[in-house]
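Just so it is clear, the values below take in all heavy atoms, side chains as well, and ignore hydrogens, waters and symmetry mates.
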Amino acid sequence: ARQQIADLIGCEPAEIVFTSCGTESDNAAIWGILRANPHKRHMVTSRVEHPAVYNLGKYLAQNGYHVTELGVDSSGMLDLNELTDVVREDTAIVSIMYANNETGVIFPIEEIGNIVKQKGSILHTDAVQAVGKIPLNLSESTIDLLTLSGHKLHAPKGVGALYIRKGI
């Protein structure tokens with residue numbers, strides 16, 4: 001199973017961690033980075049994230065973290081200039097979904113990743129709606145952490161996975 005997922009998303013099998021669902025993968029990714037970098041207390045996300053990320057951002061904001069929520073324009077797209085402006089030295093993680101589950105908008109994740117990397121931060125994407133529908137090759141990507149959910153790929157409910165780039 002790990003090899004099949006690695007083949008699907010273009011990574012090494014050792015970079016796949018199984019979870020119980022997409023929500024657990026999102027939480028593991030974000031909490032993992034925050035705990036690994038306790039001196040960095042800033043997270044960037046968007047106002048249109050899946051509740052798994054959005055609600056965690058709200059929780060973090062109520063518990064001593066600074067969370068910046070990026071807005072979207074009338075077509076549902078992020079302003080990459082705004083992203084560039086808000087990522088700062090204490091930004092531990094930027095978590096932006098790959099494809100919006102309500103609007104169908106596909107965010108320019110590689111461009112987002114380039115901005116995040118230039119700023120020295122980590123990129124997580126909730127790709128539950130994208131994996132299996134959009135070709136991925138994470139070995140050539142700017143994505144550090146990627147969430148997927150088995151039930152979107154005809155696996156049983158209660159199966160998720162988190163890609164963690166080697167070294168992260």
- Do any pairs count as a ring-ring contact (aromatic ring centres under 6.0 Å, His included) and have a residue in residues 123-168, sequence neighbours left out, and if so which ones? none

- Item | Spacing of Ile9 atom CD1 and Leu138 atom CG [to the nearest 0.5 Å] | 4.5 Å

- For residues Glu49 and Ile96, report the shortest heavy-atom separation together with the two atoms involved. OE2-CA, 3.5 Å

- Identify the two heavy atoms, one from Pro13 and one from Gln3, that lie closest to each other, and give their separation to 0.1 Å. CG-OE1, 3.1 Å

- Message: Going by salt bridge (charged side-chain N to carboxylate O under 4.0 Å, His left out), name the pairs with one or both residues in residues 151-164, residues two or more places apart or in two chains.
- Response: none

- Message: Treating Thr45 as the side-chain partner and Ser95 as the backbone partner, does any N or O pair qualify as donor plus acceptor under 3.5 Å?
- Response: yes

- Item | Qualifying salt bridge (charged side-chain N to carboxylate O under 4.0 Å, His left out) pairs, either residue in residues 130-141, two or more places apart | none

- Would you check if the side chain of Ser121 reaches a backbone N or O of Thr91 as a donor-acceptor pair within less than 3.5 Å? yes

- Does the side chain to side chain contact (heavy atoms under 4.5 Å, CB included) test come out yes or no for Leu153 and Leu148, once each step is laid out? CA-CA 9 Å; Leu153 301 165; Leu148 64 94; 4.2 Å; yes

- Write out all pairs satisfying ring-ring contact (aromatic ring centres under 6.0 Å, His included) with one or both partners inside residues 38-91, taking only residues at least two apart or from two chains. His42-His66

- Task: Can you measure from CD1 (Ile112) to CE (Met97) and round to the nearest 0.5 angstrom?
- Result: 11.0 Å

- Verify whether one side chain among Asn114 and Gln118 offers a donor that lies under 3.5 Å from an acceptor in the other. no

- Message: Using the rule that Ile, Leu, Val, Met, Phe, Trp and Tyr join whenever any side-chain heavy atoms are under 4.5 Å apart, tell me whether Leu136 and Ile168 fall into a single cluster.
- Response: no

- Item | Transitive ILVMFWY side-chain link Ile115 to Ile143, under 4.5 Å | yes

- Query: Got a sec, which residues hit side-chain contact (heavy atoms from CB on, under 4.5 Å) with Ser139, two or more places apart in sequence or on another chain?
  - Reply: Asn137

- When every non-hydrogen atom of Gly22 is compared with those of Val128, the smallest separation belongs to CA-CG2, 4.5 Å

- Not counting sequence neighbours, which residues clear side chain to side chain donor-acceptor pair (under 3.5 Å) with Thr125? List them please. none

- Taking all heavy atoms of Gly113 and all of Leu123, pick out the closest pair and write down the distance. CA-CD2, 3.5 Å

- Message: With a 4.5 Å cut-off on side-chain heavy atoms, are Val53 and Thr23 touching?
- Response: no

- Task: List for me each residue that meets side-chain contact (heavy atoms from CB on, under 4.5 Å) alongside Leu162, sequence neighbours excluded, and say none if there are none.
- Result: Ser25, Ala28, Ala29, Leu145, Thr147, Ile164

- Item | Val131 side chain reached by Tyr98 side chain, heavy atoms, under 4.5 Å | no

- Item | Check: Val67 main-chain N/O paired with Arg41 side-chain donor or acceptor under 3.5 Å | no

- Qualifying salt bridge (charged side-chain N to carboxylate O under 4.0 Å, His left out) pairs, either residue in residues 8-37, two or more places apart: none

- Task: Not counting sequence neighbours, which residues clear side chain to side chain donor-acceptor pair (under 3.5 Å) with Glu69? List them please.
- Result: Lys58

- Query: According to a 4.5 Å side-chain heavy-atom criterion applied to Ile, Leu, Val, Met, Phe, Trp and Tyr, with indirect links allowed, do Ile30 and Val87 form part of one hydrophobic cluster?
  - Reply: no

Check: residues 74-83 side-chain donor-acceptor pairs under 3.5 Å, at least two apart:
unit_1	atom_1	unit_2	atom_2	d
Ser75	OG	Asp73	OD1	2.8
Asp79	OD1	Asn81	N	2.9
Asp79	OD1	Glu82	N	3.4

- Minimum-distance pair of heavy atoms, taken over all atoms of Ser141 and Glu110: OG-OE2, 2.5 Å

- Joint cluster assignment, Leu8 & Ile109, ILVMFWY side-chain distance < 4.5 Å: yes

- Would you say the side chain of Val86 lies within less than 4.5 Å of the side chain of Leu70, judging by non-hydrogen atoms? yes

- Which residue pairs satisfy the salt bridge (charged side-chain N to carboxylate O under 4.0 Å, His left out) criterion with at least one member in residues 111-127, sequence neighbours excluded? Lys117-Asp144

- Residue pair Leu60 / Met43, side-chain heavy-atom distance below 4.5 Å: yes

- Query: Of the non-hydrogen atoms in Asn100 and Val48, which two are nearest, and what is the gap between them?
  - Reply: ND2-O, 3.1 Å

- Item | ILVMFWY cluster, Leu56 and Val17 together (side-chain gap under 4.5 Å) | yes

- Task: Using the test side chain to side chain donor-acceptor pair (under 3.5 Å), find all partners of Glu89 that sit at least two apart in sequence or belong to another chain.
- Result: none

